[in-house]
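Proteins get letters first, then strands, A, B, ... in listed order; numbering begins at 1 in each.
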Amino acid sequence: MVSCEEAQVICNKNQYREASFFEKIQLMVHVLYCKACFKSSKKNKGLTRLIRKANLHSFSEAEKDYIKQRLHKQGES
Amino acid sequence: MAKTELHPETWVDRYADYLFNYAMVRVGDEDTAKDLVQETFIAGLKSAKNFEGNAAERTWLVAILKRKVIDHYRKSNTKKGKAEVRMHFNAESGQEGDWLEAKAADPYSIRENDDIENRELGLAIHRCISLLPENHARVFTLKTIREWSTEDICNELGITPSNLWVMVHRARTSLVECLNENWFKDS
């Protein structure tokens with residue numbers, strides 16, 4: 001038996017496909033009897049779906065650092 | 001209402017990704033979008049003294065970015081022939097997809113707004129991410145958008161995997177709430 005906290009961690013890992021087969025079974029069993037976790041894992045899955053649909057973009061850390069440097073120089077001159 | 005002050009040193013971390021997505025929606029090319037965001041920050045810094053504090057920082061930056069996008073299209077429009085509509089009526093014409101009718105929108109489609117909706121969705125998600133505590137936002141972005149492995153993030157930020165999952169969990173919980181509030185209610 002896993003606790004709700006453990007179930008949540010597994011559920012989050014599962015959103016990134018990092019939950020093991022055994023963990024997935026533990027989660028499935030847990031949500032059978034825990035309504036709260038059943039609901040929250042449903043929402044969590046929904047969030048993953050939304051994010052995938054949105055096709056998000058993000059600067060890499062290096063690019064951000066580069067822009068920061070440029071702004072910094074600009075600010076001094 | 002209190003006057004807003006500008007904090008240029010926090011701009012990149014707080015608004016770069018939001019503005020990037022905003023620009024991507026409008027120009028559709030990653031490199032162009034990145035350039036426009038950079039120009040926006042620089043222009044913002046230059047005209048920071050003219051900022052009157054009546055708008056939120058992000059709104060003000062978005063206004064600058066809008067001008068940059070318009071300028072971008074003006075520039076590309078001067079190159080002749082860009083606006084030309086091309087349809088190929090070559091030797092294989094008559095094949096499926098070559099007829100104008102095949103290119104027209106399906107009037108019964110319920111999916112025609114999907115694209116626009118997804119773009120708006122991207123902005124809503126980024127707005128919610130920018131409300132997260134900075135370290136949660138960082139971990140979430142690396143993990144979810146840049147799709148780094150757990151191991152790489154832990155090495156880069158010097159945290160343990162269990163730290164990481166706690167942060168991911170907090171971030172995802174707040175995002176679900178934020179999107180419920182700002183996305184599902186509006187639509």
Proximal to chain B - members of residues 5-12 of chain A, heavy-atom separation under 4.5 Å:
Gln8(A), Val9(A), Asn12(A)
Which answer fits Thr144(B), side chain, backbone, both or neither, if we ask what part of it has an atom under 4.5 Å from a heavy atom of chain A?
both
Contact origin within Val37(B) toward chain A - heavy atom pairs under 4.5 Å
side chain
CD1/Ile51(A) to CD1/Ile145(B) distance, rounded to the nearest 0.5 angstrom?
7.5 Å
Output the distance between atom OG (Ser58(A)) and atom CZ (Phe140(B)), rounded to the nearest 0.5 Å.
11.0 Å
I need the Arg138(B) CZ to Lys64(A) NZ distance, nearest 0.5 Å.
8.0 Å
Does Leu157(B) share a hydrophobic cluster with Ile129(B), counting links as ILVMFWY side-chain heavy atoms below 4.5 Å and allowing steps through other members?
yes
Starting from the C-alpha separation in whole Å, work towards a yes-or-no answer on side chain to side chain contact (heavy atoms under 4.5 Å, CB included) for Val176(B) and Asn44(A).
CA-CA 7 Å; Val176(B) 167; Asn44(A) 211 345; 5.7 Å; no
State plainly whether one hydrophobic cluster holds both Leu61(B) and Val25(B), where clusters connect Ile, Leu, Val, Met, Phe, Trp and Tyr through side-chain heavy atoms under 4.5 angstrom apart.
no
Go through the atoms of Thr48(A) and report whether side chain, backbone, both or neither lie under 4.5 Å from a heavy atom of chain B.
both
With chain A as the partner, which of Leu175(B), Thr141(B), Asp13(B) has the greatest number of non-hydrogen pairs under 4.5 Å?
Asp13(B)
Report yes or no: do Val62(B) and Phe41(B) belong to one cluster of Ile/Leu/Val/Met/Phe/Trp/Tyr joined by side chain heavy-atom distances under 4.5 Å?
yes
Check this for me: Phe21(A), atom CZ, are more than 12 non-hydrogen atoms of other residues, nucleotides or ligands nearer than 6.0 Å?
no
Does CZ in Arg170(B) sit with more than 12 non-hydrogen atoms of other residues, nucleotides or ligands closer than 6.0 Å?
no
Check whether Trp165(B) and Leu27(A) end up in the same hydrophobic cluster, where Ile, Leu, Val, Met, Phe, Trp and Tyr are linked by side-chain heavy atoms less than 4.5 Å apart.
no
Shared hydrophobic cluster, Tyr73(B) / Met24(B) (ILVMFWY, side-chain heavy atoms < 4.5 Å)
yes
Chain B heavy atoms under 4.5 Å from Tyr16(A): which part of the residue, side chain, backbone, both or neither?
side chain
Sequence neighbours left out, what pairs pass salt bridge (charged side-chain N to carboxylate O under 4.0 Å, His left out) with at least one residue falling in residues 11-30 of chain A?
Lys13(A)-Glu23(A), Glu18(A)-Lys143(B)
How many angstroms lie between NZ in Lys43(A) and CG in Asn180(B), if you round to the nearest 0.5 Å?
6.0 Å
As an exercise, state the distance from CG of Leu19(B) to CZ of Phe59(A), rounded to the nearest 0.5 Å.
8.0 Å
Closest non-hydrogen atom pair, Leu50(A) against Leu179(B)
CD1-CD1, 4.0 Å
If the test is side-chain contact (heavy atoms from CB on, under 4.5 Å), which one of Gln74(A), His72(A), Arg70(A) qualifies with Leu45(B)?
Gln74(A)
Contacting region of Leu123(B) [heavy-atom separation from chain A under 4.5 Å]:
neither
Are the side chain of His126(B) and the backbone of His57(A) linked by a donor-acceptor contact shorter than 3.5 Å?
yes
When rounded to the nearest 0.5 angstrom, what is the spacing between CG in Leu47(A) and OG1 in Thr173(B)?
9.5 Å
Relative to chain A, which of Glu147(B), Gln38(B), Arg172(B) shows the most heavy atom pairs under 4.5 Å?
Arg172(B)
Neighbour count >12 (heavy atoms, 6.0 Å) for atom NZ, Lys68(A):
yes
Is it true that, when you exclude Glu134(B) itself, more than 12 heavy atoms of the residues, nucleotides or ligands shown sit nearer than 6.0 Å to its CD?
no
Look at Glu61(A) together with Arg146(B) and state whether they make a salt bridge at an N to O cut-off of under 4.0 Å.
no
Checking Glu30(B) against chain A: side chain, backbone, both or neither under 4.5 Å from a heavy atom?
side chain
